[in-house]
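Below is one structure; the comments refer to it alone.
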Number of protein chains: 2
Amino acid sequence: MSEKIVIGVDIGGTTIKLGICSSEGELLHTHEGPTGVEDGSDAVCQNIADYARLIIDESPYSWEQVEGVGVGIAGFLDIPNGIVKLSVNLYFNNVPLKDILEEKLQTKVLVNNDANVAALGEAWAGAGRGISDCVCYTLGTGVGGGVIINGKIVEGFRGMAGELGHMSVVPDLEAIQCNCGKMGCLETVSSATGIIRMAKDAVQRGDRTSLSFVPDIMAKDVLDAAKAGDEVAMRIVSRAAFYLGKSMAAVAVILNPQRFIIGGGVSKAGEFLFEQIREVVRKLTPEVAQEGVEIVPAILGNNAGVVGAAGLIIRS
Amino acid sequence: MSEKIVIGVDIGGTTIKLGICSSEGELLHTHEGPTGVEDGSDAVCQNIADYARLIIDESPYSWEQVEGVGVGIAGFLDIPNGIVKLSVNLYFNNVPLKDILEEKLQTKVLVNNDANVAALGEAWAGAGRGISDCVCYTLGTGVGGGVIINGKIVEGFRGMAGELGHMSVVPDLEAIQCNCGKMGCLETVSSATGIIRMAKDAVQRGDRTSLSFVPDIMAKDVLDAAKAGDEVAMRIVSRAAFYLGKSMAAVAVILNPQRFIIGGGVSKAGEFLFEQIREVVRKLTPEVAQEGVEIVPAILGNNAGVVGAAGLIIRS
């Protein structure tokens with residue numbers, strides 16, 4: 001076979017996932033192995049290189065077909081130079097990951113942060129396939145994001161673009177402090193953590209809700225209770241949806257993307273949540289900036305990371 | 001002379017302004033003539049072509065040096081095809097401006113909307129020179145904007161990117177309706193019109209302010225009164241600055257631009273206004289997204305349009 005392929009690497013705290021993708025974003029083969037954080041950053045880099053060789057050996061492809069290796073990693077990065085300035089989970093401190101891997105693998109390597117990479121995966125080969133401008137939200141423990149313009153990740157001046165969870169959307173009177181130190185960030189209300197906090201507050205306040213009988217409230221409990229008609233849970237979910245929609249209305253006039261893609265655990269609430277978000281966006285966005293704009297669920301799930309990492313090579 | 005040059009055209013309702021620029025954005029020569037709206041769109045197009053020939057004839061340059069002609073125009077556009085779908089001031093209705101001018105001038109023509117073009121002018125050859133990512137606000141009758149990423153205008157899916165005046169930033173309780181039909185847009189508080197409205201409301205309410213003695217309040221009166229210490233005027237200006245800063249804090253985490261550039265009549269209030277805006281951005285933006293980010297005044301003034309139009313050819 002002589003078709004060109006790319007390798008995507010998604011480095012997590014415990015597992016390194018790899019995927020071989022076609023140049024059209026089809027995930028052809030996957031592999032995963034332990035990150036080996038405990039052995040230090042040199043060992044982690046060696047593991048990545050070893051797994052990259054291994055995934056090719058296991059597959060029907062050859063190393064000559066590899067156009068490059070893309071890597072997604074959580075942390076503060078110097079993206080152009082592929083340096084991991086700080087990755088708390090991995091104990092990386094000023095690791096020149098791109099240079100190290102290029103030497104070990106003798107192929108082009110590009111590094112970007114995990115949220116950007118997941119967004120690129122969805123944009124390239126997931127819910128944004130065929131669309132050049134899209135903005136992705138990941139509603140998990142926090143609210144992550146990624147902005148794709150003309151098919152490419154917008155990185156920003158210091159690589160901080162796409163930090164959608166830190167849009168200041170909650171008005172002062174209702175705002176609480178975010179982990180980032182600022183008040184009223186989207187993440188304080190629309191992440192799983194935010195939803196759980198609002199539910200626990202309601203229970204503690206003595207609001208009448210079925211959530212009072214849930215021992216350790218998870219975001220899914222709140223979403224399920226809201227779907228079942230629990231009024232307190234409905235209010236919490238509609239608040240999470242309101243601020244998400246409000247932030248999207250802002251993005252819509254700044255960038256006029258064609259599609260918003262929402263992934264992460266909270267997005268599994270499905271149409272129940274999406275309809276509320278769409279309603280807010282309709283209400284707050286001028287007609288011309290919402291015409292034809294879609295708000296859709298992510299479809300790649302956990303594969304967004306490896307696919308998007310591979311996409312770095314194709315979409316660079 | 002054999003250096004390459006580009007022509008920029010800024011089509012206004014009464015005057016068409018043209019400029020010859022070097023490929024580095026230096027404005028070498030200018031020309032202007034009546035738009036001739038009353039003679040219909042064919043005549044306007046002919047005028048543009050005639051003026052473009054004329055500006056070269058007047059100048060020390062020759063037509064052979066012209067790399068292309070960029071055109072900025074207010075209205076709804078099909079940017080990729082250079083069609084003016086609707087321009088109310090010019091009575092243009094589905095005018096294929098790019099094709100018409102390319103035939104008349106036998107050179108490459110690119111068309112974009114006036115706010116985007118002015119932003120590109122500042123980014124390319126004004127307050128953003130040398131900076132690849134910047135976001136421009138124009139505080140005039142409305143609040144216009146333009147987003148420049150990697151040195152190019154972000155147009156968005158339907159050409160509606162950069163509509164910064166229509167970010168919904170004012171909370172419901174204080175929001176009024178914008179001309180776009182939506183509630184709480186930035187433009188309702190931070191444009192000259194918004195500032196005048198707030199001042200007139202205060203006078204009508206009977207607030208004690210020097211503005212009560214101003215017969216026909218202009219935005220400059222309010223800004224001057226605020227600088228002189230009038231408390232009512234100070235409150236109005238700080239409200240305009242607050243929502244501007246709030247919108248910039250959102251843009252900062254979405255795009256992490258290196259520089260915000262503010263132009264238009266209201267921006268002439270200078271450091272008095274800028275310091276208030278910077279203070280809000282500092283308060284609302286996570287450290288990592290504001291590090292090294294600057295908020296500066298536009299410098300090209302009325303030339304931003306012709307320079308940016310010329311920039312379309314260089315930065316396409």
Side-chain angles (χ1 to χ4, degrees), chain A residues 76 131-135 145 147 149-150 152 154-174 178-186 245-247 249-259 280-294, chain B residues 76 131-135 145 147 149-150 152 154-174 178-186 245-247 249-259 280-294:
Chain A
F76 289 102
I131 303 286
S132 64
D133 298 349
C134 49
V135 174
V147 175
I149 301 283
N150 294 328
K152 292 181 187 175
V154 174
E155 289 161 7
F157 165 48
R158 294 264 170 99
M160 300 312 296
E163 291 288 339
L164 307 176
H166 299 288
M167 290 178 72
S168 175
V169 288
V170 184
D172 282 1
L173 282 174
E174 303 175 34
C178 179
N179 288 330
C180 77
K182 301 296 170 178
M183 302 293 291
C185 292
L186 178 62
K246 191 175 162 95
S247 82
V251 173
V253 292
I254 299 168
L255 296 174
N256 188 212
Q258 182 167 359
R259 208 168 273 176
V280 177
V281 173
R282 269 195 294 271
K283 194 184 136 203
L284 297 178
T285 314
E287 301 303 334
V288 290
Q290 59 170 288
E291 216 178 71
V293 176
E294 294 164 311
Chain B
F76 288 101
I131 302 286
S132 64
D133 298 348
C134 50
V135 173
V147 175
I149 301 284
N150 294 328
K152 292 181 186 175
V154 174
E155 291 161 5
F157 165 47
R158 294 263 169 98
M160 302 311 298
E163 292 287 340
L164 307 176
H166 299 288
M167 288 178 76
S168 177
V169 287
V170 185
D172 282 2
L173 282 174
E174 302 174 35
C178 180
N179 289 329
C180 77
K182 300 297 171 178
M183 302 294 290
C185 291
L186 178 62
K246 192 176 160 94
S247 82
V251 173
V253 291
I254 299 169
L255 296 174
N256 187 212
Q258 182 167 358
R259 209 169 273 180
V280 178
V281 173
R282 269 195 292 270
K283 194 184 136 201
L284 298 177
T285 313
E287 301 304 333
V288 288
Q290 59 170 290
E291 214 178 72
V293 175
E294 293 163 311

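Naming convention: chains lettered A, B, ... in sequence-line order (proteins, then strands); numbering from 1 in each chain. What you are looking at is a predicted structure, and each value in this text was computed from that prediction instead of being measured. Below, each value reflects all heavy atoms present in this structure, side chains not excepted, and no hydrogens, waters or symmetry copies.
For B/V293, the side chain to side chain contact (heavy atoms under 4.5 Å, CB included) partners two or more places apart in sequence, or in a different chain, are A/F157, B/N256, B/F260. Residues meeting the side chain to side chain contact (heavy atoms under 4.5 Å, CB included) test with B/V154, sequence neighbours left out: A/I149, A/L255, B/V147, B/I149, B/A161.
Within residues 178-186 of chain A, the residues having any heavy atom closer than 4.5 Å to a heavy atom of chain B are A/C180, A/K182, listed by residue number.
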Go through A/I254 and B/L164 one step at a time and tell me if the side chain to side chain contact (heavy atoms under 4.5 Å, CB included) criterion holds. CA-CA 6 Å; A/I254 299 168; B/L164 307 176; 3.9 Å; yes
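Contact tally against chain A (heavy-atom pairs below 4.5 Å) for B/A249, B/G165, B/P171, B/G162: the top residue is B/G162. Contact count versus chain B (heavy atoms, under 4.5 Å) is highest, among A/A252, A/G156, A/S132, for A/G156. In terms of heavy-atom pairs under 4.5 angstrom with chain A, the leader among B/C134, B/G145, B/G292 is B/G292.
Only the backbone of A/P257 has a heavy atom closer than 4.5 Å to any heavy atom of chain B. Contact of A/S247 with chain B is not made at all, since no heavy-atom distance falls under 4.5 Å. Neither the backbone nor the side chain of B/K152 comes within less than 4.5 Å of any heavy atom of chain A. Only the side chain of B/Q290 comes within contact range of chain A, with at least one heavy atom under 4.5 Å from a heavy atom of that chain.
Pairs engaging residues 158-167 of chain B under the side-chain hydrogen bond (donor to acceptor under 3.5 Å, both in side chains) rule: A/E291-B/R158 [sequence neighbours left out].
Expressed to the nearest 0.5 Å, how far NZ of A/K283 lies from CG of B/D172 amounts to 4.5 Å.
Contact record, B/A250 with A/M167: CB-CE, 3.7 Å, taken as the closest heavy-atom pair.
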